[in-house]
Amino acid sequence: MINYYIGDVIKAFLDIKEPVILIHGCNCFNTMGAGIAKQIKERFPEAYEADCKTISGDRNKLGTYTYYQFDNKIIINAYTQYNYSSHKPQLDYFALGTVLDQIKQDFPNYKIIMPKIGAGLAGGNWDIISSIIEQIFPNSIIDVYSLS
């Protein structure tokens, strides 16, 4: 089940006391130069450093992730798109499903929050994305934040 909230996903992430994961989508070029990724890069440079430990432009990153953990909080850089551009949708739905399934397996006891992953700058269709999330997490509550 997806719960929708209007607000700052990073603030919500920091306010949660229980073990929590913030998942955001990244491209495979180690940029984190716009959107929520840029905010995470600026606020949590260690998350960007984890991204930079991977090979820039490596298509094999699709469907995988890197992460930064502090206290009981984890920021996940989910490689859900190969490139970045505003000319066409960049989101890879298969990569999104693959990485979410891996996160579910690797972190079964964590609360999950995210922005509308893949539906902003990556140009994905939220109806398809939310369906993927609900298929992978049928018995979980996922908190999704947007600014409006």
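This is a predicted model, so every value here is computed, not measured. Numbering starts at 1 and runs along the sequence shown.
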**Student:** Just to verify, what does Q39 make a side-chain contact (heavy atoms from CB on, under 4.5 Å) with, not counting sequence neighbours?
**Tutor:** I10, I36
**Student:** Side-chain polar contacts of residues 96-107 - donor-acceptor pairs under 3.5 angstrom, sequence neighbours left out - could you list them?
**Tutor:**
unit_1	atom_1	unit_2	atom_2	d
T98	OG1	F94	O	2.9
D101	OD2	Q105	NE2	3.0
Q102	NE2	D106	OD1	2.9
Q102	NE2	D106	OD2	3.2
K104	NZ	I136	O	2.8
D106	OD2	Y65	OH	2.5

**Student:** Kindly work out whether a path of hydrophobic side-chain contacts (I/L/V/M/F/W/Y, heavy atoms less than 4.5 Å apart) joins I76 to I40.
**Tutor:** no
**Student:** Working to the nearest 0.5 angstrom, can you tell me the gap between Y68 OH and K73 NZ?
**Tutor:** 11.5 Å
**Student:** Test side chain to side chain donor-acceptor pair (under 3.5 Å) on N30 and T54 and set out the steps.
**Tutor:** CA-CA 8 Å; N30 309 93; T54 66; 3.0 Å; yes
**Student:** Do I132 and M114 sit in one hydrophobic cluster, given that two such residues count as connected whenever their side-chain heavy atoms are within less than 4.5 Å of each other, even indirectly?
**Tutor:**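 Yes: a chain of side-chain contacts under 4.5 Å links I132 to M114.
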**Student:** If only atom types and distance count, is the side chain of S140 paired as donor or acceptor with the main-chain N or O of I142 below 3.5 Å?
**Tutor:** no
**Student:** Sorted by first residue and then second, give each salt bridge (charged side-chain N to carboxylate O under 4.0 Å, His left out) pair with at least one member in residues 54-64; sequence neighbours left out.
**Tutor:** none
**Student:** Provide the full list of ring pair (Phe, Tyr, Trp, His ring centres under 6.0 Å) pairs with a residue in residues 128-148, sequence neighbours left out, each pair given once.
**Tutor:**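 Applying ring pair (Phe, Tyr, Trp, His ring centres under 6.0 Å) to every pair that reaches into residues 128-148, excluding sequence neighbours, yields Y5-Y145.
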**Student:** So, applying side-chain hydrogen bond (donor to acceptor under 3.5 Å, both in side chains) with Y79, which one of T64, D51, N60 is it?
**Tutor:** D51
**Student:** Can you tell me which residue pairs pass the salt bridge (charged side-chain N to carboxylate O under 4.0 Å, His left out) test with a partner in residues 139-148, sequence neighbours excluded?
**Tutor:**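 Output for this query lists K111-D143.
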**Student:** With a cut-off of 3.5 Å and sequence neighbours excluded, list every side-chain donor-acceptor pair involving residues 12-27.
**Tutor:**
unit_1	atom_1	unit_2	atom_2	d
D15	OD2	K11	NZ	2.7
H24	NE2	N77	OD1	2.7
N27	OD1	F29	N	2.7
N27	ND2	T31	OG1	2.9

**Student:** How about F44 and F70: are their ring centres within less than 6.0 Å of each other?
**Tutor:**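 Yes, they do, as the ring centres are separated by less than 6.0 Å.
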